[in-house]
Each structure stands twice: as structure tokens, then as C-alpha cells.
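Here's the structure we're looking at; comments come further down.
For reference, positions follow the sequence shown, starting with 1.
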Amino acid sequence: MSERKYFGTDGIRGHVGEFPITPEFMLKLGWAAGQAFKRDGQRNSVLIGKDTRLSGYMFESALEAGLAAAGVDVKLLGPMPTPAIAYLTRTFRASAGIVISASHNPHHDNGIKFFSAAGTKLDDALEAEIERWLDKPIEVCGPTELGKASRVDDAPGRYVEFCKSTVPNEFTLDGMSIVLDCAHGATYHVAPKVFRELGAKVSVIGGDPDGLNINLNVGSTHLQALKAAVIEKNADLGIAFDGDGDRVLMVDRDGSEVDGDELLYVIASQRFAEDRLKGGVVGTLMTNLGVELALNEIGIEFERAKVGDRYVMERLLANNWVLGGEGSGHMVIRDCTSTGDGIVSALQVLLSVWKSGKTLADLRKGMSKLPQKMINVRVAQRFDPFSRDDIVAAVRKAETELGSSGRILLRASGTEPLIRVMAEGQDASEILRVVEELAKVVEKSTA
């Protein structure tokens with residue numbers, strides 16, 4: 001990925017109006033993607049969905065024009081969760097799917113994610129092919145070969161039914177009170193329908209997008225509003241999605257946060273108890289050590305992948321396992337869907353609650369998280385922190401201090417100009433000191 005000009009760990013992302021998040025680039029990107037996805041001898045089509053950002057309309061039109069110029073038909077889905085585009089790409093037998101979204105970022109950012117015909121994130125080779133086409137001048141195909149565009153009016157209903165199909169027919173949420181936080185994002189019109197149609201009493205916050213309020217003090221990165229709503233309404237639990245709906249975090253009935261690591265443990269331990277796990281569990285370099293220890297204790301194998309759901313998926317496929325995820329709430333459940341899906345993941349957690357007869361608070365007690373602290377150091381341009389001798393020396397010193405009771409991780413964000421500095425261990429105060437000292441070294445090194 002270090003050789004990429006545009007693609008990060010999760011597509012292309014940046015500030016609207018600043019290259020490459022401009023209409024001109026999106027036009028060229030649509031054309032380049034159309035060339036990369038085209039297969040001779042067949043009529044090719046690409047689906048385009050988006051979250052609720054105002055800029056999504058502009059980029060949707062630009063991508064549509066580029067794809068049409070490449071001779072590829074376009075099906076427009078409108079505002080839909082990222083995993084819905086993955087699902088619909090498969091069901092429409094499309095050549096690819098495109099999502100216009102910057103996920104959990106504010107409205108002034110936007111980006112592009114791609115899905116293959118199989119509904120999975122693109123591999124490095126296909127991303128490299130798109131970048132090769134981006135370096136070539138646009139050549140519009142003949143007038144009779146231009147792509148056509150149409151809208152898919154029933155996309156929300158199709159996806160709602162798909163989500164419900166991932167749980168058994170006898171599963172019900174009757175009697176359960178749930179607060180949904182849709183982050184003023186792409187789940188606002190589908191998530192409430194899913195949970196209500198399964199029988200839950202649903203209250204919604206973050207369900208009124210205006211194009212500018214996506215992720216604004218709501219959603220999976222801002223849980224205070226959900227915590228307050230769960231307590232105020234005396235709900236059984238709360239569910240928070242991010243702006244594009246591929247992540248989920250929860251809040252139990254007393255307002256305590258349940259992060260992605262804990263949700264992963266809840267699903268894995270319940271499936272293991274029912275002999276339904278199908279192998280081990282994949283986390284990432286950022287997954288709390290407490291997850292690994294708790295899973296190992298009950299006999300579940302655990303493996304770490306690089307940060308990013310695409311790498312979690314790679315390890316799951318290599319091992320023929322079905323369950324993996326990240327602390328951010330991005331989970332991959334291969335026997336349910338082909339990519340991270342916040343609604344589907346939430347349903348699997350609630351299925352564990354329903355099958356066990358226990359509360360979410362009870363199910364999470366089997367895992368104790370170790371103190372973990374992360375500081376994001378903003379830099380002018382992303383770089384490999386281990387390319388700097390002063391940072392390497394500081395990390396080695398800190399690792400010696402922590403010994404075998406802790407671990408340290410430094411990595412460049414794949415979506416923002418940040419160096420993430422993380423440490424984990426038994427002593428919270430020592431971990432805080434180590435992370436703060438390392439963050440200062442990184443700041444000084446990049447000044």
C-alpha cells in the first residue's frame with residue numbers, strides 16, 4: 001500500500017474541495033474504475049451509493065459521468081449504508097459497487113470506497129490497476145457504447161429484508177426497548193425498520209440528516225448522547241452506528257459503553273458455547289490484549305491482522321474462519337455477509353443475548369480489558385514512524401520498561417494525517433506515561 005498515490009487502508013478520503021476530493025478527480029476516477037472493472041463481451045454495470053453528506057450529490061454526478069464515458073452502466077442507490085452497497089452489488093450481479101462516504105469523519109470530508117463483484121473490498125492489485133488508469137488521459141467510448149444511468153427505488157427495502165434474513169425466523173425482539181443512534185448518517189431510514197420489524201420498541205436519535213450534521217456529536221464516535229438517552233428512556237440497551245453504517249458500538253442499560261472488542265467477545269463466546277463458531281477469531285494489532293486472553297481461556301484461537309477490515313477478511317479467508325473485528329466496532333461475520341455491517345453485527349449481538357437469556361452486561365463480564373491508551377499525533381504528511389531513528393529508540397526504551405506485561409504499537413493512519421501511538425499493559429498510570437512520552441517524541445520528530 002505504500003506505493004499507492006491515492007488509496008489508503010479504506011479507499012480514498014480527504015477534505016472536500018482539496019485534491020483528490022474534487023469533482024474533476026471524481027470524474028477521472030469514475031472513468032478509471034470503469035476501465036478497470038470492464039469485462040469484454042458483457043454489459044458491465046456499477047452501483048453507486050452514498051451517505052448523507054451534502055457533497056455526495058456532487059461526487060455522485062461526477063462518478064456517474066466518468067463511468068458512462070467508459071461505457072459502463074450505472075445504478076444509483078441514493079443514501080444507503082456501506083454494507084448495503086456490498087450486498088446489492090452481489091444481488092444485482094454488478095461488476096462493482098462504489099460508496100461515497102468518509103465514514104465517521106465530519107461532513108467537510110468525503111471519500112470513495114469500492115466493492116468487488118463479490119461484495120468484498122478490492123485487493124491491492126485491482127486498486128493498483130485503477131491507479132494506472134488514472135495516469136492515462138480520458139478516452140470517451142463511442143456514442144453507441146456510452147453507459148446508461150438508472151435509479152434503484154427499492155434498495156432500502158431489499159436491504160432491510162436482507163438484514164432480517166441473517167437471524168433465525170424464530171428470533172424476536174419482542175419486549176426489548178432499544179435506542180438507536182444513526183449518526184444522522186446512512187442508516188437513518190433502514191435501521192429503525194429492521195429493529196422495529198423484529199419486534200423491538202425503538203427510539204431514535206441522530207435520525208434527521210441535513211447534509212451537514214453527519215457524525216456531529218452523535219454516532220459511534222460520540223456516545224454521550226446515546227448513553228443519556230438509554231438512561232432517560234430506561235431502555236434495555238443502545239446501539240450506535242457510524243455515518244456510513246459499517247461500524248457499531250453499544251451501551252448497556254446502565255449507560256456503560258460496550259466497544260467492538262467486547263462485542264466481538266460476546267458473539268464469539270456465545271457461538272463457541274453452541275458449537276457454531278467455525279474456527280477461531282481474528283482481531284487486529286489494536287485489539288485489546290484482554291480479548292485474546294479471554295478467548296484463549298475458553299479454548300478459542302485468536303490471531304491478529306494489520307489494522308483495517310480488509311486485512312481481517314484476508315486472515316479469515318486464509319484460515320477459513322468466519323468471525324473477526326476491530327475495537328472501533330467494525331466486525332466481519334462471513335457466514336452472514338461479505339463485509340463489515342453495523343446492523344448485521346448488532347443483530348448477532350442481540351441474538352447472543354436472546355439465546356443465552358442473559359443481559360448484554362452479563363455477557364461482557366467474561367472479558368476484562370487491559371488498560372490501553374492511544375494518542376493521535378497530527379502530522380503534515382503520513383509517514384512510517386519506524387523510519388525515524390529517534391522514534392525507534394524511544395519505542396525500544398519504552399518496550400524495555402514495560403517488559404512482557406505490555407505492548408506498544410505505532411502506526412500511520414490510513415485515512416488521516418495521523419500517527420497513532422498506543423500502549424497497553426497492567427498498570428494504567430504507567431501506560432499513560434509511556435504513551436505521552438512517545439507522543440512527544442513523535443511530535444518533536446515531525447516538527
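- Side chains of I239 and F195 form a contact here, defined as non-hydrogen atoms less than 4.5 Å apart.
- Residue pairs meeting the salt bridge (charged side-chain N to carboxylate O under 4.0 Å, His left out) criterion with at least one member in residues 54-68, sequence neighbours excluded: K50-E60, E60-R151.
- Residue K38 qualifies as enclosed at atom NZ: its count of foreign heavy atoms under 6.0 Å is above 12.
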(request) Check the pair T91, L88 against side-chain contact (heavy atoms from CB on, under 4.5 Å), reporting the backbone distance first and the verdict last. (result) CA-CA 5 Å; T91 62; L88 292 168; 3.8 Å; yes
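- At distances below 3.5 Å, not a single donor-acceptor pair connects side-chain atoms of D341 with backbone N or O atoms of S345.
- Remark: the backbone N or O of V218 is not paired with any side-chain donor or acceptor of D181 at under 3.5 angstrom.
- Taking NE2 from H104 and CG from D51, the interatomic distance works out to 12.5 Å, rounded to the nearest 0.5 Å.
- Under 4.0 Å is where a charged nitrogen must lie from a carboxylate oxygen, and between R53 and D109 no such pair does.
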(request) List the steps, then state whether side-chain contact (heavy atoms from CB on, under 4.5 Å) holds for V194 with Y159. (result) CA-CA 9 Å; V194 171; Y159 179 60; over 6 Å; no
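- A donor-acceptor pair under 3.5 Å links the side-chain atoms of N288 to the main chain of L370, judged by distance alone.
- At distances below 3.5 Å, at least one donor-acceptor pair connects side-chain atoms of Q372 with backbone N or O atoms of M286.
- Between R304 and E292, at least one side-chain nitrogen of the basic residue sits less than 4.0 Å from a carboxylate oxygen of the acidic one, meeting the salt-bridge criterion.
- When the side chain to side chain contact (heavy atoms under 4.5 Å, CB included) test is applied to M313, the partners found at least two apart in sequence or on another chain are L317, V332, R334.
- In this structure, D252 contributes its side chain and A361 its backbone to no donor-acceptor pair below 3.5 Å.
- Atom CG of D174 has more than 12 heavy atoms from other residues, nucleotides or ligands within 6.0 Å.
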(request) Go through the steps for N105 and N215 under the test side-chain contact (heavy atoms from CB on, under 4.5 Å), then give the verdict. (result) CA-CA 7 Å; N105 288 26; N215 300 313; 5.5 Å; no
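- Here D259 pairs with K369 in a salt bridge; the nearest charged N to carboxylate O distance falls below 4.0 Å.
- Taking a 6.0 Å sphere around CD of Q42, one finds it holds more than 12 heavy atoms contributed by other residues, nucleotides or ligands.
- Side-chain atoms of V291 and F302, non-hydrogen and from C-beta on, do get closer than 4.5 Å to each other.
- The shortest non-hydrogen separation linking G425 to I431 is N-CD1, 3.4 Å.
- Within the structure, side-chain hydrogen bond (donor to acceptor under 3.5 Å, both in side chains) pairs that include any residue of residues 187-214 comprise K164-E197 (at least two apart or interchain).
- A donor-acceptor pair under 3.5 Å links the side-chain atoms of E424 to the main chain of L289, judged by distance alone.
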(request) Apply side-chain contact (heavy atoms from CB on, under 4.5 Å) to I12 and K113, showing your working. (result) CA-CA 7 Å; I12 301 170; K113 304 178 188 181; over 6 Å; no
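- Between L350 and F171 the shortest side-chain heavy-atom distance falls below 4.5 Å.
- Around atom NZ of K358, no more than 12 heavy atoms belonging to other residues, nucleotides or ligands sit under 6.0 Å away.
- With respect to R310 and D10, no salt bridge is recorded, no charged nitrogen being found less than 4.0 Å from a carboxylate O.
- Here the NZ atom belonging to K365 is positioned 6.5 Å from the OG1 atom belonging to T359, to the nearest 0.5 angstrom.
- Interatomic distance, Y265 OH to S368 OG, rounded to the nearest 0.5 Å: 9.0 Å.
- In this structure, K148 does not pair ionically with D73, as no charged nitrogen and carboxylate oxygen lie closer than 4.0 Å.
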